[in-house]
Amino acid sequence: MAQEEKNGKEIKHLNDVTVMFAGDSGDGMQLTGTQFSDTTAYLGNDLSTLPDYPSEIRAPLGTLYGVSGFQLHFGSSSVFTPGDITDVLVAMNPAALKVNVKNLKQRGIIICNSDAFDAKNLKLAKYDSNPLEDDSLSGYKVFPVPITSLTVEALKDCGLKPKDVTRSKNFFALGLMYWLFNEPLEPTLEWVRKKFSKKVEIICGNEKALKSGYYYGENTELFASRYKIAKATLPKGTYKSISGNEATAIGLIAASKLSGLPLFLGSYPITPATDILHHLSKYKNFGVKTLQAEDEIAGISSAIGASFGGSLAITTTSGPGLALKTEATGLALMLELPLVIVNVQRGGPSTGLPTKTEQSDLLQAMYGRSGESPVAVVAATSPSDCFYMAIEASRLALKYMVPVILLTDGYIANGAEPWKIPHVNELEKIEVTQRTNPENFHPYDRDENLARPWAVPGTPGLEHRIGGLEKENITGAVSHDPENHDLMVRIRAQKIQNMQNTIPELVVDGDQSGELLVLGWGGTMGSIIEAVNDARKKGMNVSRAQLKYINPFPKNLGEVLSKFDKVIVPENNMGQLAKILRDQFLVPVIQFNKMRGLPLKSFEITEKIAEVLGGKND
Amino acid sequence: MAQEEKNGKEIKHLNDVTVMFAGDSGDGMQLTGTQFSDTTAYLGNDLSTLPDYPSEIRAPLGTLYGVSGFQLHFGSSSVFTPGDITDVLVAMNPAALKVNVKNLKQRGIIICNSDAFDAKNLKLAKYDSNPLEDDSLSGYKVFPVPITSLTVEALKDCGLKPKDVTRSKNFFALGLMYWLFNEPLEPTLEWVRKKFSKKVEIICGNEKALKSGYYYGENTELFASRYKIAKATLPKGTYKSISGNEATAIGLIAASKLSGLPLFLGSYPITPATDILHHLSKYKNFGVKTLQAEDEIAGISSAIGASFGGSLAITTTSGPGLALKTEATGLALMLELPLVIVNVQRGGPSTGLPTKTEQSDLLQAMYGRSGESPVAVVAATSPSDCFYMAIEASRLALKYMVPVILLTDGYIANGAEPWKIPHVNELEKIEVTQRTNPENFHPYDRDENLARPWAVPGTPGLEHRIGGLEKENITGAVSHDPENHDLMVRIRAQKIQNMQNTIPELVVDGDQSGELLVLGWGGTMGSIIEAVNDARKKGMNVSRAQLKYINPFPKNLGEVLSKFDKVIVPENNMGQLAKILRDQFLVPVIQFNKMRGLPLKSFEITEKIAEVLGGKND
Amino acid sequence: MTDKIDVEEVKLTTKDFQSNQDVRWCPGCGDYSVLAQVQKVFPTLGIRKEDFVWIAGIGCSSRFPYYMDTYGLHGIHGRAPAIATGLKVARPELSVWVSTGDGDLMSIGGNHFIHACRKNIDLKIILFNNKIYGLTKGQYSPTSEKGKITKSSPYGSIDYPFNPTTLALGSEATFVARTLDRDTKHLQEMIRRAAEHKGVAFLEVYQNCVIFNDGAYSDYTDKETKPDSIIMLEHGEPLIFGKNFDKGVMLNGFNPVVVDLNDGVHSVNDLLVHDEFDESPVRAFIYSHMTDDPKMPTPIGVFRQILKPTYDQGVAAQIHDVTAKKGEGDLEALLFSGNTWEVE
Amino acid sequence: MTDKIDVEEVKLTTKDFQSNQDVRWCPGCGDYSVLAQVQKVFPTLGIRKEDFVWIAGIGCSSRFPYYMDTYGLHGIHGRAPAIATGLKVARPELSVWVSTGDGDLMSIGGNHFIHACRKNIDLKIILFNNKIYGLTKGQYSPTSEKGKITKSSPYGSIDYPFNPTTLALGSEATFVARTLDRDTKHLQEMIRRAAEHKGVAFLEVYQNCVIFNDGAYSDYTDKETKPDSIIMLEHGEPLIFGKNFDKGVMLNGFNPVVVDLNDGVHSVNDLLVHDEFDESPVRAFIYSHMTDDPKMPTPIGVFRQILKPTYDQGVAAQIHDVTAKKGEGDLEALLFSGNTWEVE
Ligand SMILES: Cc1ncc(C[n+]2csc(CCOP(=O)(O)OP(=O)(O)O)c2C)c(N)n1
Ligand SMILES: Cc1ncc(C[n+]2csc(CCOP(=O)(O)OP(=O)(O)O)c2C)c(N)n1
Ligand code: SF4
Ligand code: SF4
Ligand SMILES: [Mg+2]
Ligand SMILES: [Mg+2]
């Protein structure tokens with residue numbers, strides 16, 4: 001931590017910082033957090049974010065369950081998680097303080113809106129006495145700021161309604177944070193001007209609030225030091241900040257363009273997947289057809305209809321919705337039609353924790369259908385990876401004429417990270433042939449991958465019938481023949497297995513063999529990388545790999561597993577991948593499981609690594 | 001095979017025989033088979049049956065896909081399967097012959113209705129020439145009988161319409177079979193008289209047809225020998241022939257009586273589970289409420305409502321229906337309410353082979369839900385075992401306040417076997433306490449099994465709310481607390497695991513340790529017993545066990561597995577139990593899998609045993 | 001409802017129906033009013049507290065059971081009518097209520113809804129129609145007007161909306177009514193009427209979602225516009241409305257038309273007279289379509305109430321009859337029934 | 001339907017629509033007639049063979065697609081309208097047909113049905129209503145009469161039935177018609193009318209299941225009873241029926257009543273005159289309820305046909321409009337849109 005001076009204030013240089021903005025659901029914390037992230041990213045830091053909001057829309061003011069938070073981790077080297085513990089907590093009211101102080105590091109900074117610490121709010125937050133006045137926060141650096149009154153004072157000439165004035169207090173807090181971290185106001189001001197171009201009072205209010213916050217930091221004696229985080233050394237290129245759901249949506253559009261097929265989405269809203277529907281419905285000029293269906297079953301059924309019709313057909317959902325789609329998924333696999341099912345996992349079972357994350361649905365995706373019904377299962381590892389895996393899921397579905405389930409999760413779907421944007425010409429085309437030649441056409445004929453031909457209605461001479469009853473191989477006639485059924489069950493399984501020939505092998509980070517491999521899948525990648533990096537810093541020798549292809553697994557997985565004495569499998573569930581690994585490879589993997597609705601904490605994984613390595617933690 | 005003489009005809013004594021009755025869907029083959037079984041059972045033979053009919057209701061006459069069959073295996077010692085290959089084939093038309101001759105043993109008997117072997121029917125059956133006239137059947141003993149004309153002749157005075165006359169030809173065939181196997185006509189005649197008590201012509205017709213068939217055997221020179229199968233040495237008691245679906249229905253009624261709870265069934269018709277609904281809807285005077293719901297989701301949802309209301313609540317279905325019930329099953333497990341889900345497995349995936357059997361849904365039952373959602377899974381091993389497992393499923397659901405999935409399959413559901421009827425006082429009572437004391441009541445309180453209290457609406461002072469959102473342990477308040485969620489996920493899993501304390505240990509038949517164990521589950525028991533018995537006869541040393549409890553497994557399963565060098569797991573699927581065994585015990589089990597929509601063939605399992613034992617087959 | 005009510009025992013107050021949970025709807029949400037009115041009416045119904053049950057699906061409105069100190073079950077999206085059906089059939093003596101939203105009941109739950117209506121299951125279904133998906137943060141619903149701009153329809157929705165009362169009538173519901181969250185007296189009256197109906201009672205509440213669809217019903221609730229926008233249905237009364245009670249609804253063939261009572265041509269005698277108990281559903285169907293017609297006022301009140309045996313009664317009666325005929329089921333006899341034989 | 005039809009090309013015959021599969025319904029099943037009439041009408045519609053698609057659920061009637069030599073998809077139980085919706089929205093130029101049963105469409109598929117009607121998706125839905133579950137061997141269905149004795153209701157069913165046309169009207173279907181399997185000419189006419197309707201076309205076929213519900217419609221099809229039991233709706237014609245054309249249907253308020261044309265009191269001028277194109281759905285709703293009324297004849301024919309933009313057109317139009325305004329989507333531009341920054 002280097003130091004320097006600016007305006008008489010000491011400037012400390014930090015490697016990385018985790019900030020939590022917290023307040024009532026109506027306090028605009030998500031917006032504040034997003035603005036801070038954007039500016040930070042713009043400055044060249046790497047970062048990772050985690051919005052965390054209640055399942056109520058506007059929970060009553062001041063309550064503990066009504067607290068909405070936005071966590072942000074940024075730094076000068078690669079950042080992989082939104083941070084295990086926070087360095088700086090911005091708390092707009094007592095409830096926000098109470099809920100989030102648990103996760104603040106010792107000697108961490110608390111900036112709070114002292115105006116909100118009145119008797120009523122303290123009671124709602126179940127504080128017996130005012131924490132700003134008793135010594136319960138003595139382990140932290142506390143900066144009480146009368147944010148509400150300062151904002152009211154600053155905005156008095158903007159002509160805003162009183163309600164809108166107090167609503168602007170989040171911008172005061174944001175301004176103060178910009179000052180604290182030495183960041184410019186301009187990107188946010190520009191955004192405000194564009195967004196509210198027709199509402200001068202709002203522009204005035206936001207600008208004044210932001211600047212007051214900034215100058216408050218500059219001018220008061222409260223803060224002895226400011227912080228600066230050097231630019232990260234990211235690869236050259238054009239970047240933007242992207243959330244997983246947005247990346248999925250854009251990835252699907254890209255797949256549509258790359259394959260030359262029109263995109264059809266049949267979906268029913270469900271947290272945390274709905275944003276994909278929102279995003280896709282904006283892109284009508286890409287020919288995207290979005291159908292908000294009456295339920296999940298209609299969502300997938302309509303996608304099956306569209307797939308029969310020759311579209312790149314998609315359905316998006318989350319756990320309980322995937323459960324409703326199981327019967328129709330079975331139909332799609334029997335019809336051997338391409339279909340992409342995006343499942344944004346959330347805390348289960350049942351309605352569970354709808355706004356929280358969990359790697360809840362791997363087993364459902366693998367096995368949750370009647371009969372022998374293998375489908376391809378792939379997973380994205382980070383917000384921007386959703387873009388690539390959406391393309392990849394589409395490619396596999398189209399090439400093998402099968403349903404593919406893409407698993408993301410609430411954390412990577414809502415979280416954001418800087419993304420080095422690829423150029424279209426860097427993306428691989430998706431080759432698709434729709435059959436037009438009537439000669440020798442058989443609906444369940446097989447190509448070298450065992451895929452059947454895709455002959456879409458409207459094509460002369462290829463009229464044929466498909467359906468959910470068992471089909472005779474090649475001809476596609478309804479068949480109850482015992483041997484044919486046995487054959488078809490095996491063909492459908494083999495088709496999925498054949499994908500091993502086109503999917504990439506698993507890449508191990510670190511030594512290619514040794515004592516310990518940490519093997520994760522999907523959205524835990526960030527936590528695992530940080531944990532492994534940390535363990536290495538502490539002198540432990542540990543390798544790492546992250547699975548993105550689960551059905552089938554990469555070809556070399558068995559070999560990789562055989563090269564390590566021990567394998568830890570950290571999962572945000574009870575050990576679903578572990579089950580599949582044991583089944584397929586008979587290896588006694590070591591499970592690490594947490595079901596807290598939150599990303600795994602790196603330090604806990606590091607501890608586990610140390611434990612397994614026999615306390616080699618120094 | 002001993003011999004004796006009667007009426008100048010030689011009588012051969014056989015140990016066991018497999019007969020197949022086959023004809024058009026409208027030929028009454030199911031009835032004929034059932035009558036023959038009943039009489040055979042009545043004579044004291046052990047037996048096992050397998051109806052096999054097309055998924056069309058009345059497929060066009062004479063077609064290959066329209067053939068309806070009824071297979072019956074009976075003998076003087078224990079009979080466990082409907083027979084791998086048939087000894088006697090009764091074929092009412094060329095299609096029936098063509099479809100079933102494949103499965104007839106060399107030198108087996110064919111009795112066929114020669115009247116039906118006309119040009120039209122031969123063409124429909126895709127015969128180029130008449131098999132009764134060419135030498136294609138020279139490997140069999142063929143007895144062509146002009147059944148239609150003989151029936152018409154015999155019935156001319158009964159006053160039946162011509163259509164009804166020819167319809168009676170199945171009774172001619174039945175009579176002939178009675179003669180051939182030395183069985184009395186009386187039981188069938190009695191049944192006819194009771195069933196058609198008000199229709200004298202029909203009684204006349206059936207009686208004449210039956211007797212003519214019998215006397216035809218007696219009087220013609222066609223048959224040189226008759227057969228007799230000695231009584232089986234079954235345990236003393238009162239018996240009846242029972243199918244799996246009937247046994248399930250009666251078992252559920254028994255569970256209702258044994259627990260003192262009213263029975264509620266919410267169901268939607270689906271093959272091959274519908275008969276359970278049919279049976280239960282007959283027993284209104286047992287207070288059984290059956291709701292034919294609008295769909296499977298409403299079926300299970302209504303059962304959840306009834307369970308909340310204090311009933312023993314049931315839903316019944318088959319594969320695609322189970323798929324539709326997954327979301328609501330997750331709700332039931334989150335609500336921690338008792339619920340029995342009976343799934344009669346059929347050939348999948350999707351609509352698949354709706355009238356055929358398969359062990360298709362084990363993985364779906366285990367894992368087919370969103371989130372971490374363990375439920376209990378049990379399976380019945382034979383038609384009569386459905387009775388006991390229906391009681392057992394109810395007992396577990398009520399004791400642990402969880403959903404329990406009972407897996408049967410199309411084969412044991414439709415097949416029948418003699419059942420030694422238990423007396424009510426031999427059945428264990430099911431203890432149930434519904435909470436009435438308001439003191440210290442907490443909806444998610446835990447008893448020693450971790451079950452929560454069942455407090456039903458209408459009980460004063462216990463008003464409370466339950467729901468699908470995660471609940472705080474003990475209090476049941478909605479909770480998004482991370483640690484509580486982790487705890488609850490583990491509690492729900494532990495509750496299922498705790499059942500190990502009350503379920504029976506796995507019993508191994510044969511040596512308790514050794515080179516080879518054949519381990520099956522559910523409805524393959526009969527095939528496996530026959531296979532193992534056969535292997536032993538051939539000098540192989542092999543042990544055998546059949547799982548009825550799959551989640552959780554019996555406590556001693558791990559130990560049992562460790563006692564054998566090799567384990568063969570025969571399944572009527574791609575290896576679903578094998579997956580779970582490998583996952584839980586890391587043992588490299590040897591799979592034996594067939595997906596033909598039919599019960600496994602014992603001889604194939606025997607061959608597998610021999611192969612694994614290194615050709616010790618003598 | 002219990003057959004015998006011990007009136008002494010039932011002395012309940014609003015407080016008895018308030019659960020210990022904080023109510024978590026947005027400040028200003030119309031749901032608060034429904035909750036308050038239910039809590040006012042319930043103590044007066046002569047039903048034991050423990051005999052009330054609320055069943056819900058998923059949505060803001062479906063959180064209702066948590067706030068009522070009765071038995072309650074917060075189920076899964078759309079399935080509340082099916083869960084409630086099972087409970088009611090199993091326990092016909094309970095008073096079973098469903099709280100649901102326009103997404104929950106009209107979108108994913110449509111099938112269970114129409115079947116509950118068809119079967120005339122004695123449920124009280126309260127639809128909180130805010131014409132939007134609240135809990136999932138603002139997508140259009142099957143009751144949203146065509147062209148609605150929401151997060152999932154940024155260029156305007158293409159769907160035509162359902163009219164919930166029309167669908168209820170198409171499904172043969174025996175009680176169909178509509179009320180407004182803001183008209184607390186009327187809301188109370190409709191809750192009472194629903195409670196008292198024996199059979200499926202469908203009550204649509206026009207409910208304002210302040211966050212995602214604020215003002216959807218302001219025409220019907222604002223003092224200024226209300227008199228000309230709605231018409232209050234009163235049994236036996238002619239259909240009159242307007243600020244000065246000078247407009248009426250008359251039938252032209254089977255089409256309703258608005259007439260001016262001051263035009264010198266039309267008088268009160270020309271007007272349609274409301275009959276809640278009309279056996280024919282056509283009248284109610286006409287009212288229902290007035291809602292969709294911008295030229296007509298929107299009817300509020302009881303569209304129709306007819307009586308026919310309920311499904312749950314039917315099930316119980318059949319069990320009673322069969323038992324009377326066959327005698328109570330004897331398990332031992334059942335086990336040993338049919339074709340049995342002895343093995344010695 | 002394709003925009004441009006090259007009439008030269010389209011010279012189709014019945015045979016062109018017969019697939020190579022044996023038809024596997026029971027001998028005598030009413031389904032045969034529907035198949036035959038469809039195969040007669042299809043060649044005459046001016047639509048290319050390859051542009052027809054049949055989508056079905058599960059049931060005897062749902063096996064229909066296998067027997068038509070067009071594109072076809074035999075889906076899962078109840079979901080045909082949803083599958084068809086996706087296909088039609090993706091490919092509005094196709095002529096998309098749904099064959100379905102009373103269990104498939106009215107029971108498990110109820111929700112998709114009412115939503116397809118509501119959205120006015122340009123599908124042709126042919127309901128084979130045999131008032132029974134055929135394929136699962138004879139359970140009562142949602143259209144079976146109350147008290148029906150079947151395998152799942154040995155003491156008589158307790159459910160009240162749906163009237164499919166009522167439900168369709170409650171869901172705002174734009175074309176609602178009914179016909180009889182046995183009246184082949186009328187059946188052909190109705191198939192043609194459904195084909196020609198732009199929007200959701202709901203055609204109920206009274207279909208006889210010879211095995212499990214034989215004679216369900218014999219009153220309507222037997223020469224003797226037919227004239228007094230049904231009334232053929234003809235646009236612009238008064239509602240007359242009876243063996244001697246001596247009975248008519250008159251409106252009393254909004255309730256239909258039967259009058260005797262020979263009673264000296266009533267004449268043809270008193271009768272309701274059919275108007276297929278009446279904008280108001282009330283008329284059709286009245287017809288629909290005549291079905292349920294034992295005193296009234298059962299209407300056969302087109303109850304209603306109105307035109308409003310279809311959903312699939314709407315989707316296409318919106319894409320067209322947005323594209324016209326914004327220009328065709330450019331992936332490269334999309335990727336690089338929003339707040340971007342450079343890392344050097
Ligand atoms: C199976 C399933 N699908 C989707 C959802 C997501 N979801 C929850 S509530 C809701 C709709 C809410 O709208 P509405 O029923 O109108 O209730 P409101 O919130 O407006 O009161 C949706 C789509 C879910 N919880 N479960
Ligand atoms: C999910 C699911 N549930 C149930 C079934 C069983 N099933 C098949 S067809 C059918 C009903 C058939 O009745 P209907 O739709 O009236 O057709 P019909 O056979 O009478 O023409 C049922 C319940 C199924 N195939 N799938
Ligand atoms: S989002 Fe709307 S409906 Fe939901 S609680 Fe808030 S105001 Fe009420
Ligand atoms: S069962 Fe009935 S509906 Fe089905 S094919 Fe046979 S006659 Fe037709
Ligand atoms: Mg709503
Ligand atoms: Mg039917």
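This is a predicted model, so every value here is computed, not measured. Just so it is clear: chains get the letters A, B, ... in the order the sequence lines come, proteins before strands, and each one is counted from 1.
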Participant: Report which part of A:Ala313 has an atom under 4.5 Å of a heavy atom belonging to chain D: side chain, backbone, both, or neither.
Facilitator: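 A:Ala313 has no heavy atom closer than 4.5 Å to chain D.
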Participant: If you count heavy-atom pairs under 4.5 Å with chain A, which of D:Trp54, D:Tyr311, D:Phe52 comes out on top?
Facilitator: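 Looking at each of D:Trp54, D:Tyr311, D:Phe52 in turn, D:Tyr311 comes out on top.
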Participant: Decide, yes or no, whether a salt bridge links D:Asp69 with D:Lys49 under the criterion of side-chain N to carboxylate O below 4.0 Å.
Facilitator: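 A salt bridge links D:Asp69 with D:Lys49.
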Participant: Counting only heavy atoms not in A:Glu428, do more than 12 fall under 6.0 Å of its CD?
Facilitator: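 12 or below, so no.
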Participant: Side chain, backbone, both or neither: which part of A:Leu462 has an atom under 4.5 Å from a heavy atom of chain D?
Facilitator: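 Both backbone and side chain.
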Participant: Could you tell me how the ring of A:Phe74 sits relative to the ring of A:Phe36: parallel (under 30°), tilted (30 to 60°) or perpendicular (over 60°)?
Facilitator: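 Aromatic pair A:Phe74/A:Phe36 classed perpendicular.
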Participant: Under 4.5 Å heavy-atom distance to chain D, tell me which part of A:Tyr42 shows up: side chain, backbone, both or neither.
Facilitator: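 A:Tyr42 touches chain D through backbone and side-chain heavy atoms alike.
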Participant: Apply the test ring pair (Phe, Tyr, Trp, His ring centres under 6.0 Å) to residues D:Phe64 and D:Trp97: give CA-CA distance (whole Å), side-chain angles for both, the deciding distance (0.1 Å), then the verdict.
Facilitator: CA-CA 11 Å; D:Phe64 196 96; D:Trp97 294 69; 9.1 Å; no
Participant: Between D:Ile76, D:Ile114, D:Asn111, D:Thr85, who has the most heavy-atom pairs with chain A when the cutoff is under 4.5 Å?
Facilitator: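 Ranked by heavy-atom pairs under 4.5 Å with chain A, first place is D:Ile76.
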Participant: Is it true that a side-chain atom of A:Asp295 and a backbone atom of A:Ile297 form a donor plus acceptor pair closer than 3.5 Å?
Facilitator: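 Yes, because the side chain of A:Asp295 sits within donor-acceptor range (under 3.5 Å) of the backbone of A:Ile297.
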Participant: Among A:Val456, A:Ile304, A:Leu258, which residue has the highest count of heavy-atom pairs closer than 4.5 Å to chain D?
Facilitator: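 Heavy-atom pair counts peak at A:Val456.
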Participant: Would you say CD of D:Glu342 has more than 12 non-hydrogen atoms from neighbouring residues, nucleotides or ligands within 6.0 angstrom?
Facilitator: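 For D:Glu342, atom CD is crowded (more than 12 foreign heavy atoms under 6.0 Å).
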Participant: What part of D:Lys119 gets closer than 4.5 Å to chain A, counting heavy atoms only: side chain, backbone, both or neither?
Facilitator: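 Side chain only.
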Participant: Using modelled atom types only, decide if a donor and an acceptor are shared between the side chain of A:Ser307 and the backbone of A:Ala303 within a distance under 3.5 Å.
Facilitator: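 Checked: no pair found.
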Participant: What part of D:Glu344 gets closer than 4.5 Å to chain A, counting heavy atoms only: side chain, backbone, both or neither?
Facilitator: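 Answer is backbone: N, CA, C or O of D:Glu344 sit under 4.5 Å from chain A.
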Participant: Where does D:Asp330 contact chain A at under 4.5 Å (heavy atoms): side chain, backbone, both or neither?
Facilitator: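 Contact with chain A is through the backbone of D:Asp330 alone.
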Participant: I'd like to verify something: which residue of D:Leu331, D:Val322, D:Ile58 has the highest number of heavy-atom pairs under 4.5 Å with chain A?
Facilitator: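 Looking at each option in turn, the highest pair count goes to D:Leu331.
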Participant: Is there a donor-acceptor pair closer than 3.5 Å between any side-chain N or O of D:Asn120 and the backbone N or O of D:Lys308?
Facilitator: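 Such a contact is found between D:Asn120 side chain and D:Lys308 backbone.
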Participant: Relative to chain D, which of A:Lys231, A:Glu327, A:Lys257 shows the most heavy atom pairs under 4.5 Å?
Facilitator: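 Top count of heavy-atom pairs under 4.5 Å with chain D: A:Glu327.
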Participant: Of the listed residues (D:Gly338, D:Ser337, D:Ala56), which shares the most heavy-atom pairs with chain A below a 4.5 Å separation?
Facilitator: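 Result: the option with the highest number of such pairs is D:Ser337.
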Participant: Among the options A:His423, A:Lys236, A:Lys420, pick out the one with the most heavy-atom pairs lying under 4.5 Å from chain D.
Facilitator: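 Among A:His423, A:Lys236, A:Lys420, the one with the most close pairs to chain D is A:His423.
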Participant: Can you tell me which of D:Asp321, D:Thr323, D:Ile83 forms the most heavy-atom pairs within a distance under 4.5 Å of chain A?
Facilitator: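 Highest number of pairs under 4.5 Å: D:Ile83.
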Participant: Has D:Ser61 got a side-chain atom pairing as donor or acceptor with D:Gly59's backbone, closer than 3.5 angstrom?
Facilitator: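 Not at all, since once roles are kept as given, no pair shorter than 3.5 Å links the two residues.
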Participant: Look at the rings of D:Trp341 and A:Tyr239 and say which category their plane angle falls in: under 30° parallel, 30 to 60° tilted, over 60° perpendicular.
Facilitator: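 Taking A:Tyr239 first and then D:Trp341, their aromatic rings lie parallel (interplane angle under 30°).
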Participant: Is it the backbone or the side chain of A:Ser311 that comes under 4.5 Å from a heavy atom of chain D, or both, or neither?
Facilitator: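 Side chain only.
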Participant: What is the ring orientation for D:Phe113 with D:Phe202, classed by angle as parallel under 30°, tilted 30 to 60°, or perpendicular over 60°?
Facilitator: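 Because their plane-to-plane angle lies in the 30° to 60° range, the rings of D:Phe113 and D:Phe202 count as tilted.
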Participant: Between chain D and each of A:Ala254, A:Gly461, A:Gly458, count heavy-atom pairs under 4.5 Å; write down the option with the most.
Facilitator: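 If we count pairs closer than 4.5 Å to chain D, A:Gly458 comes out on top.
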Participant: If you count heavy-atom pairs under 4.5 Å between each of A:Ala306, A:Pro457, A:Ala293, A:Ala232 and chain D, which one has the most?
Facilitator: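 That would be A:Pro457.
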Participant: Quick check on the interface: out of A:Pro422, A:Gly310, A:Pro187, A:Ala477, who has the most heavy-atom pairs with chain D under 4.5 Å?
Facilitator: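 If we count pairs closer than 4.5 Å to chain D, A:Pro422 comes out on top.
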Participant: Heavy-atom distance under 4.5 Å to chain D: side chain of A:Thr290, backbone, both or neither?
Facilitator: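 A:Thr290 touches chain D through backbone heavy atoms alone.
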Participant: Hey, does A:Glu294 have a side-chain heavy atom less than 4.5 Å from the side chain of A:Tyr268?
Facilitator: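 Not touching, per the 4.5 Å side-chain cut-off.
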Participant: Chain A heavy atoms under 4.5 Å from D:Val315: which part of the residue, side chain, backbone, both or neither?
Facilitator: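 For D:Val315, side-chain heavy atoms alone lie under 4.5 Å from chain A.
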Participant: Considering only heavy atoms, which portion of A:Pro460 lies under 4.5 Å from any heavy atom of chain D: side chain, backbone, both, or neither?
Facilitator: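 It is both, since atoms from each part get that close.
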Participant: If you take all heavy atoms of D:His77 and D:Gly103, which pair is closest and at what distance?
Facilitator: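 Distance-wise, the nearest heavy atoms are CE1-C, 4.2 Å.
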Participant: Does any heavy atom of chain A fall under 4.5 Å from the side chain of D:His115, the backbone, both, or neither of them?
Facilitator: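 Only the side chain of D:His115 comes within 4.5 Å of chain A.
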